[in-house]
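Notes follow the structure.
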There are 2 protein chains.
Amino acid sequence: MAKVQPRLFVEDSLGAGLNVNLGNSHAHYLKNVLRLKVAAEVSLFNGRDGEWHGKLNSIRRSRVVVDLVQMVYPQPDDVGPALMFAPVRRGPMEIMVQKATELGVTHLQPMITEFTDVVRFNVDRMRATAIEAAEQCGRMSVPLIEEPQPLNEILAQWPNGRRLLFAAESGSVRPISEVLWGFKDHSAPDQWTIAVGPVGGFSPAEHGLLRNLPFVVAVGLGPRLLKAETAALAALSCWQSVLGDWENRPIDRIHQ
Amino acid sequence: MAKVQPRLFVEDSLGAGLNVNLGNSHAHYLKNVLRLKVAAEVSLFNGRDGEWHGKLNSIRRSRVVVDLVQMVYPQPDDVGPALMFAPVRRGPMEIMVQKATELGVTHLQPMITEFTDVVRFNVDRMRATAIEAAEQCGRMSVPLIEEPQPLNEILAQWPNGRRLLFAAESGSVRPISEVLWGFKDHSAPDQWTIAVGPVGGFSPAEHGLLRNLPFVVAVGLGPRLLKAETAALAALSCWQSVLGDWENRPIDRIHQ
């Protein structure tokens with residue numbers, strides 16, 4: 001089976017003639033897991049300067065230096081929806097962050113609702129999960145991960161023109177794809193937030209509040225009670241397939 | 001927050017005047033985790049006889065007896081797609097089975113493809129995962145989990161009239177929702193199988209084979225390389241929202 005070139009996210013600027021020092025964890029991965037030698041090729045991206053091919057210049061104990069060779073893909077605009085969710089236990093939380101990254105989310109906004117049990121949310125750990133997912137899925141950016149905020153504060157500062165797609169567990173709503181097709185061709189893809197409730201759902205008061213806000217679009221995800229992370233991924237998938245970038249195809253990184 | 005009544009899958013027949021002996025793990029859960037007492041109410045389903053309310057009659061060391069009181073929901077027809085997938089590592093495999101159950105899959109068919117690394121697939125463990133997911137999401141059936149079979153054998157015995165929705169990583173295809181809307185209102189929902197490839201994708205030969213079969217519908221899942229379990233859940237969500245049962249709403253189990 002063809003090997004895909006290692007692909008790493010870095011904070012450094014990328015450009016012609018520059019070199020990049022990779023830190024401990026990347027160095028360990030390249031040296032000890034992949035057993036790469038000097039002159040092996042890697043791809044680097046930082047979310048700003050496009051994707052670059054480089055060659056390993058030196059391999060030391062806890063440091064690997066990469067000489068940048070050329071830009072292979074220019075940086076695309078990062079369009080896509082934001083995701084608003086109540087923090088859940090660590091396992092499902094990592095699944096949600098990993099899959100939301102694969103599904104092209106630009107911002108992850110944890111929210112505290114009335115029925116939110118788990119209020120601890122480790123931004124650094126979730127950022128590491130998102131970086132790993134971005135490296136693996138070929139995307140050239142890492143979603144921004146915000147600090148948790150109470151739902152009512154988020155709603156009070158809601159930006160003009162942004163829509164909030166709300167997966168409603170109760171009340172009368174149309175299925176998500178049918179609703180989204182109504183917005184096809186007259187809605188900017190970077191002006192949407194998708195919200196899914198906590199394990200116990202939104203409270204009746206929150207439901208009422210959300211259903212009455214002018215920027216909220218309530219949709220249904222069918223007759224089964226989806227777990228919070230399943231609801232997030234289901235809503236995101238439907239959104240991407242109708243309003244997102246699923247017209248595009250993966251870059252063929254193996255055969256280039 | 002309102003408590004949802006415990007909901008358990010059993011193999012026994014359910015009917016008026018019958019009682020059911022719950023085995024070790026259910027007994028432990030009701031006694032030691034939920035700390036229920038005699039006369040507490042539970043819901044039981046078996047995938048055939050509808051959902052029944054019952055009361056705990058006796059609670060012994062490793063056995064709990066439930067007296068059935070009344071049927072609360074009749075057994076619905078189990079319509080929905082099948083899912084064909086290459087076995088992956090245990091963690092992602094459990095995620096795929098759990099979420100596929102929530103997303104209404106009727107059959108799970110593991111397949112062995114050219115690039116399938118993990119050939120071990122524990123049917124019993126996966127069935128336990130599917131049962132737990134069915135109990136929690138309110139569905140009244142458990143998907144059937146088949147033994148792994150080679151892809152070419154599965155294709156050689158393909159049933160007449162069944163379509164195979166194939167998430168293609170390469171080649172020219174339209175996005176999934178657009179393709180599925182073309183089948184809206186003239187395709188039986190129980191006549192679809194969704195196929196996602198293994199970690200390394202389908203081989204070029206398998207790709208060519210699948211693209212040329214008359215019952216295959218190839219679709220795209222966008223520009224990012226989705227993990228196998230993400231691709232399965234994304235395709236299933238899009239399918240359910242267009243051709244499935246997402247017109248229906250969850251039963252309100254909390255406020256009934």
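In what follows, chains carry the letters A, B, and so on, assigned in the order in which the sequence lines appear, proteins first and then strands, with residues in each chain numbered from 1. Not measured: the values here are computed from a predicted model.
- Rounding to the nearest 0.5 angstrom, the gap separating the CD1 atom in B/Ile176 from the CH2 atom in A/Trp246 is 7.0 Å.
- Atom CG of B/Asp77 sits in a sparse spot, with 12 or fewer heavy atoms from other residues, nucleotides or ligands closer than 6.0 Å.
- When the candidates B/Gly104, B/Gly220, B/Ser203 are compared by the number of heavy-atom contacts under 4.5 Å with chain A, B/Gly104 comes out ahead.
- The local environment of OH in B/Tyr29 is sparse, with at most 12 non-hydrogen atoms from other residues, nucleotides or ligands closer than 6.0 Å.
- Residue A/Thr230 holds its OG1 atom at 3.5 Å from CD of B/Glu102, rounded to the nearest 0.5 Å.
- Heavy atoms closer than 4.5 Å to chain B are found nowhere in A/Lys184, neither backbone nor side chain.
- For A/Ala168, the parts sitting under 4.5 Å from any heavy atom of chain B are the backbone and the side chain alike.
- Chain B forms the most heavy-atom pairs under 4.5 Å with one residue out of A/Lys227, A/Glu169, A/Arg174, and that residue is A/Lys227.
- Both the backbone and the side chain of A/Glu247 come within contact range of chain B, each with at least one heavy atom under 4.5 Å from a heavy atom of that chain.
- The two atoms that bring A/Pro175 and B/Ser241 nearest to each other are CB-O, 4.4 Å, heavy atoms only.
- Residue A/Glu178 touches chain B through both its backbone and its side chain, counting heavy-atom pairs closer than 4.5 Å.
- Of the possible polar contacts, one joining the A/Arg249 side chain to the B/Gly171 backbone as a donor-acceptor pair under 3.5 Å is found.
- For a heavy-atom cut-off of 4.5 Å, chain A lies close to B/Ile95, B/Gln98, B/Lys99, B/Thr101 in residues 91-101 of chain B.
- Annotation: the span from A/Leu103 atom CG to B/Leu221 atom CG amounts to 9.0 Å, rounded to 0.5 Å.
- There is no contact between A/Leu180 and chain B, counting heavy-atom distances below 4.5 Å.
- Within a 6.0 Å sphere centred on CZ of B/Arg89, heavy atoms belonging to other residues, nucleotides or ligands number 12 at most.
- Listed here is the closest heavy atom pair of A/Ser237 and B/Ser237: CB-CB, 4.3 Å.
- From A/Leu226, atom CG reaches atom CG of B/Leu233 across 10.5 Å, with rounding to the nearest 0.5 Å.
- Applying the salt bridge (Lys or Arg N to Asp or Glu O under 4.0 Å) rule to pairs touching residues 232-246 of chain B yields A/Arg224-B/Asp245, sequence neighbours excluded.
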